[in-house]
Amino acid sequence: MVTHSRLWLSGVAGLAALAAAANDAIITSDTYFYGQSPAVYPSPEMTGGAEWAAAYEKAKALVAQMSLEEKVNVTGGVDLGTGCSGSVPPNKRLNFPGMCVSDASNGLRNTDLVNAYPAGIHVGSSWNKDLARRRGAAMGGEFRRKGVNVLLGPVVGPAWRVARGGRNWEAFSADSYLSGSLAAQTIQGVQSEGVQTSLKHYIANEQELNRNPGVDEAQAVSSNIDDKTMHEVYLWPFQDGVRAGTSNIMCSYQRINNSYGCANSKTLNGILKTELGFQGFVMSDWDAQHAGVATALAGMDMVMPSGSKFWGSHLIEAVRNGSVPESRVTDMATRILTAWYQFGQDTKFPKPGIGMPYDVRQPHETVEGRDPQDRSTLLEGAIEGYVLVKNTNETLPLRSPRVISLFGYSARSADSSSPGPGDMLIYLWRYGMTPVGLDSALAGLIKSPGSRLPDIAINGTMMGGGGSGGTTPAVFVSPYDALSVRAAQDDTALYHDFGTPKPAVVGGSEACIVFGNAWAAEGYDRPRLSDNFTDTLVNTVAGQCSKTIVVLHNAGPRLVDGFVDHPNVTAILFSHLPGRESGTSLVKLLYGEASPSGKLSYTVARQESDYGHLLKPDEPAGRFKKFPQSDFTEGVYLDYKYFDKHNVSPRYEFGFGLSYTTFHLANLSIQRVQGGNSGEWPLGAIVPGGPADLFHDIALVAVEVRNTGNVAGAEVPQLYVGIPGGPAKQLRGFDKPFLQPGEVRTVQFRLTRRDLSTWDTAAQKWRLQRGQYAIHVGTSSRDLPLQGTLTI
C-alpha cells in the first residue's frame, strides 16, 4: 500500500495565506491543489473479522457465482418505483431480492403509517444513552416492517463547526464525545432489529453553502483540515460508529483538502478502511459521485441514487481495459452482501420497499409501520430533550391557573391551505413529503437569485427540520392541541392570538406562553440565530403579563438576549424538535408531571459575534472563487472549547439545564486500572474502530449524586478531562441517573486509552502522554465543583 500520511495538509495556514492574495489570477484547475490530500492505494479488501466472519463467508460464496456485470449491478442504485430513496437491483438468478435504502435518521419519510421521532438535536440534549438505543430500536422496527434494508442515519457530520449550519439539527451535538456515544447506541438499537445503518456524512461536512458544484463551473467547498484535528474531532464519532458495527458509511458532498469526499483515498482507504479496520461498505450521498475510476479506486463501494452515470457499463469497461482491477469490484460486492447477510436480511425480511408507496394518495398495499409499544419511547424521548434555561418566581410548573393566554405561530399545527408561489413545495419538503426527485427542484428554487427559506416557520410548529431528514408522521400532537385538552380538564380559560405581531393580552392571565421557532433545513445555512419578529412578540407580551413563558422550537442555537433580561420573562424552554409527541410532552413538563432533565448539547452565545469565524459558512473569495475554501484554522477548539480558549462568556453554556428539583455531587474518586498496556502507544491488533487496546480502561472516576430537592428527577453528571497540551477541558464521560427525593447513587465513568490520548501526527498513532491530567466533574461545562488529577 502506497501511503503519504505525513503530508496530510500540513499547510492549512499556508493555504489561508494564499487565499489572501486576491490580486493573483483566479485558479481554474484543480491541479493547483495536487497533493493536499495524500494518495492511499490500493483500497483494502475486507476480511470479515471475528464478528462478521460467517456473513463474510456467505457473501464470498454468493459473489463467486456472479459475473462481472452482476457484481457491478450490486454497486449502483436504480429506480424501481417503490418510493425508496434508493434501491439496489435484485438478482433473480441468484435469489438476491435487492435492497431498499431510505431516509432518515429521525423516522421513515415519504410513506404512511409511521412515526416522527425526536430529531438528533433533541436526542443530544437528552444526554440519555439508553433512550438513544431504544429510539434506534423503535425506528429500526418501523423500517424493517416497511421493507427498508438500510436506514440512512444516524448523523454525526456535520459536527456543528458552523453555528448557522443548516443540518446541525440532524446530528446530536457540537461535542464529538457526546455525539459518538449517542450514535453508537443508536446504531446498536437500529441494527438489533435487522436494519442496517448508514452513518453519515463522512467527513468534515460542515456547511450547506457550496456543498455541491455550483454555477460558473465552481466546485464544491473544500474543508481544509489538519491531521490532528481530523482525528481528535471529526473522526471521533465515526470511530465510535465503526466500533458499534455500522454496516455502512455515507461519503459526503464536499471536498476534503481539495479532494471530493467520495473520491478521497486518504479518508476512505487510509483512515476508514485501514486505521479503523472498517468492514462494511461506503455509500455515496445522493449524486455526490463526480468521477468513475477515481471513486472506485479511492474506496467507495456503492453509488446512489443511480450507478449508470459513472459506473454501470462504464465500470465494466474500466475493469476490462485495466483501469480498475476486478478484485476491487469483487470487494465492493462482497462488502455490500456481507452486510446484507450480517443482519439476517437473507431470511425473514420483508420484500424490499413493500411498505413504501410512491404516493400515499394512490391505491397501494397498506403496511403498518408503527408498534404501539413504541409510544413510551416517543414520549420519553420528547420529554427528555427539552432544556429549561430560565425559571424565576416559581413560574413553572403551572399550578391549576384559571386563565392562560397563548401567542405565536409555533403553537399550532402547520397550515398549507393558502400557500404562495413555491410555498407548497417548501411546505412539503419541510415535512419530508416531497416525491422522490423533487428535492433537487426545491434546492434549485432556494438557490435562485434573491430566494431563500425563512429563518422562522410561520406556518406552524416544528416537530423536525427540513430536507432528507424530514419525517411524515401518521399522528402528530401540537402544543395548542395538548394545551386545549389539559385546559378543558382543569376548567382553565384558554385564550390565544397566533397571528397578531403585537397582541393585546387578556386581563387576568395568570400565565402567558409565547411560542417561537428557529427553522433550518438541508440545502441552505441559517441566515441568523434570532429573529426580530419573535423577539418583538415576546417583549410585547411580557410588557403586559408578569409571568411570560417562552417556548422555542429550535433547530440549532437560538439567541435569547433580545428578551432574556425582561423582568416578566420568567421561564424559557429550548424545546428543540420533539417529533410526534411535541404537545403531549410539553404539557407534562409545563404542569410538573415530568421534571425537565435535558442539558444543552451546544453553547448559546450572548451575541452572534461571540462565535467568531465559526458563526457562518465560508464563501468563495478572491482567486479561489471557482474552488471555494474553508480553512479549519481553529483546530480542535469548537463550541465550548472555543469559548473557553477565547475567554468568551456564553449566555448558556454547553451541558447546562435546570430542573424542578436540586442535586448535589460529592465524593469524587479517581483510580488507575492495573494491568494491561499502559505505555505511550497502543499495541493491539486492528479491530473495527482501531487498535483493540485503544478501548481498554486506564482509569475509573466515580462520584456520588444526591437528589436534595422534593421532586423526583434526573441529573447529568459530566466528566471533563484536561489533557496535557490540549484544551483546558474536554467531555469524556456522562451519565443520567433518575433519583427520588433524598436518593443518592454512585456514578462511575470509565476512562479508556482513547479518551486520554492525543493524535501524534509524526508517529501516526494515538499517544498516551506521561504527566498530570486534570479531572473535572460537575453539571455543565462551566459548573465543575469537583476537581482532581490523574497521573499517567
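Below, each value reflects all heavy atoms present in this structure, side chains not excepted, and no hydrogens, waters or symmetry copies.
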**Report entry** Check ion pair R144-E142 (N to O, under 4.0 angstrom)
**Finding:** no
Report task. Working to the nearest 0.5 Å, report the span between CE of M46 and CZ of R335. Result -> 6.0 Å
Query - Presence of salt bridge, R782 and E653, under 4.0 angstrom - result: no
Query - Test item: Q787 and V777 side chains (from C-beta on) under 4.5 Å apart, heavy atoms - result: no
Requested in this report: For V233 and L638, run side-chain contact (heavy atoms from CB on, under 4.5 Å): C-alpha distance rounded to whole Å, both residues' side-chain angles, the deciding distance at 0.1 Å, then the answer.
Outcome: CA-CA 9 Å; V233 177; L638 299 184; 3.7 Å; yes
Query - Candidate pair T752 and D697, rule side-chain hydrogen bond (donor to acceptor under 3.5 Å, both in side chains), full reasoning - result: CA-CA 4 Å; T752 67; D697 293 339; 6.0 Å; no
**Report entry** Spatial distance of atom NZ (K641) from atom OG (S781) [nearest 0.5 Å]
**Finding:** 11.0 Å
Query raised in the report: Are the side chains of V148 and V195 in touch, meaning some heavy atoms are under 4.5 Å apart?
Result: no
**Report entry** Contact check, side chains of F734 and P717, non-hydrogen atoms, under 4.5 Å
**Finding:** no
Report task. Please say whether more than 12 non-hydrogen atoms of neighbouring residues, nucleotides or ligands are located less than 6.0 Å from NE2 in H664. Result -> no
Query raised in the report: Are D760 and K228 within salt-bridge range, i.e. N to O under 4.0 Å?
Result: no
**Report entry** Residue K765 excluded, over 12 heavy atoms near NZ under 6.0 Å
**Finding:** no
Query raised in the report: Is there a side-chain contact between I256 and I203, using heavy atoms and a 4.5 Å cut-off?
Result: yes
Query raised in the report: Do other residues, nucleotides or ligands put more than 12 heavy atoms under 6.0 Å from the CD atom of E743?
Result: yes
Query raised in the report: How about F654 and W127: are their ring centres within less than 6.0 Å of each other?
Result: yes
**Report entry** Working for ring pair (Phe, Tyr, Trp, His ring centres under 6.0 Å), residues Y117 and H122
**Finding:** CA-CA 9 Å; Y117 287 82; H122 209 86; over 10 Å; no
Query - Separation between CG of L683 and CG of N677, rounded to the nearest 0.5 Å - result: 4.5 Å
Requested in this report: May I have the step-by-step check of side-chain hydrogen bond (donor to acceptor under 3.5 Å, both in side chains) for Q718 and H776, ending in yes or no?
Outcome: CA-CA 8 Å; Q718 302 161 37; H776 314 268; over 6 Å; no
**Report entry** F278 versus T246, closest heavy-atom pair with distance
**Finding:** CE1-O, 3.5 Å
Query raised in the report: So do P154 and T197 actually touch side chain to side chain, heavy atoms under 4.5 Å?
Result: yes
Query raised in the report: With a 4.5 Å heavy-atom cut-off, do R672 and L790 have their side chains touching?
Result: yes
Requested in this report: Decide side-chain contact (heavy atoms from CB on, under 4.5 Å) for V705 and V744; before the verdict, give the C-alpha distance in whole Å, the side-chain angles of both, and the deciding distance to 0.1 Å.
Outcome: CA-CA 5 Å; V705 185; V744 61; over 6 Å; no
Query raised in the report: Which of these passes side chain to side chain donor-acceptor pair (under 3.5 Å) with N128: R134, Q185, E384?
Result: E384
**Report entry** Pair D301 + K273: basic N to acidic O under 4.0 Å
**Finding:** yes
Requested in this report: For W759 and D227, test the side chains for any donor-to-acceptor distance below 3.5 angstrom and give the result as yes or no.
Outcome: yes
Requested in this report: Find out whether K266 and I271 are in side-chain contact, i.e. whether some heavy atom of one side chain is under 4.5 Å from a heavy atom of the other.
Outcome: yes
Report task. Could you tell me whether the side chain of I383 reaches within less than 4.5 Å of the side chain of L589, counting heavy atoms only? Result -> yes
Query raised in the report: Judged by atom type as modelled, is there a donor-acceptor pair below 3.5 Å linking the side chain of S659 to the main-chain atoms of S597?
Result: no
Query raised in the report: Does the separation of the ring centres of F632 and Y234 fall below 6.0 angstrom?
Result: yes
Query raised in the report: So, W681 side chain and R767 main chain: donor-acceptor pair closer than 3.5 Å or not?
Result: no
Query raised in the report: Once you round to the nearest 0.5 Å, how far does OH of Y640 lie from CG of D175?
Result: 4.0 Å
Query raised in the report: Between D610 and A605, what is the shortest heavy-atom contact and its length?
Result: CB-CB, 3.7 Å
Query raised in the report: Where is the tightest heavy-atom contact between N707 and A712, given as atom of each residue plus distance?
Result: ND2-CA, 3.9 Å
Query - Heavy-atom pair with the smallest gap, counting every atom of Y611 and T603 - result: OH-O, 2.8 Å
Report summary line: What one should report as the nearest heavy-atom pair of L108 and D103 is CD1-O, 3.3 Å
Query raised in the report: Between R745 and D735, is the closest basic N to carboxylate O distance under 4.0 Å?
Result: no
Report task. Evaluate the criterion salt bridge (charged side-chain N to carboxylate O under 4.0 Å, His left out) for residue pair D285 and K200; output intermediate values, then yes/no. Result -> CA-CA 9 Å; D285 205 337; K200 61 183 189 179; over 6 Å; no
Query raised in the report: Could you give the distance from CH2 (W766) to CZ (R753), rounded to the nearest 0.5 Å?
Result: 12.0 Å
Requested in this report: Start with the C-alpha gap between N269 and S43, add the side-chain angles, then the distance that decides, and say whether side-chain hydrogen bond (donor to acceptor under 3.5 Å, both in side chains) holds.
Outcome: CA-CA 5 Å; N269 289 339; S43 184; 2.8 Å; yes
Report task. Output yes when a side-chain donor or acceptor of S179 lies under 3.5 Å from a complementary backbone atom of S176, and no otherwise. Result -> no
Query - Considering all heavy atoms, the nearest T338-A59 contact - result: OG1-CB, 3.2 Å
Query raised in the report: When you look at K645 and E634, which way does the salt bridge (charged side-chain N to carboxylate O under 4.0 Å, His left out) test go after all the steps?
Result: CA-CA 10 Å; K645 179 180 180 181; E634 70 285 342; over 6 Å; no
Query - Donor-acceptor under 3.5 Å (N554 side chain, F574 main chain) - result: no
Requested in this report: State whether W236 and R732 meet the cation-pi test: NZ (Lys) or CZ (Arg) under 6.0 Å from the six-membered ring centroid, and within 45° of the perpendicular axis.
Outcome: yes
Query raised in the report: Does the pair Y602 and S173 meet the rule for a side-chain hydrogen bond (donor to acceptor under 3.5 Å, both in side chains), with working shown?
Result: CA-CA 6 Å; Y602 53 89; S173 173; over 6 Å; no
Query - Y642 and Y637: CA distance, side-chain angles, deciding distance, ring pair (Phe, Tyr, Trp, His ring centres under 6.0 Å) verdict - result: CA-CA 5 Å; Y642 178 90; Y637 293 92; 8.6 Å; no
Requested in this report: Evaluate the side-chain contact (heavy atoms from CB on, under 4.5 Å) criterion for residues Y660 and L388: first the C-alpha distance (whole Å), next the side-chain angles of each, then the deciding distance (0.1 Å), finally the verdict.
Outcome: CA-CA 9 Å; Y660 292 156; L388 180 66; 3.9 Å; yes
Query raised in the report: Are K599 and E715 within salt-bridge range, i.e. N to O under 4.0 Å?
Result: yes
Query raised in the report: When R750 is tested against each of D755, V673, L700, I698 for side chain to side chain contact (heavy atoms under 4.5 Å, CB included), which residue passes?
Result: L700
Query raised in the report: Can you check whether V711's main-chain N or O pairs, donor with acceptor, with T661's side chain at less than 3.5 Å?
Result: yes
Query raised in the report: For R375, does the CZ atom have more than 12 heavy-atom neighbours from other residues, nucleotides or ligands under 6.0 Å away?
Result: no
Report summary line: Distance col, row R135:CZ vs D374:CG, nearest 0.5 angstrom, shows 12.0 Å
Report task. Ignoring hydrogens and angles, state whether a donor on the side chain of Q345 or Q196 is under 3.5 Å from an acceptor on the partner side chain. Result -> yes
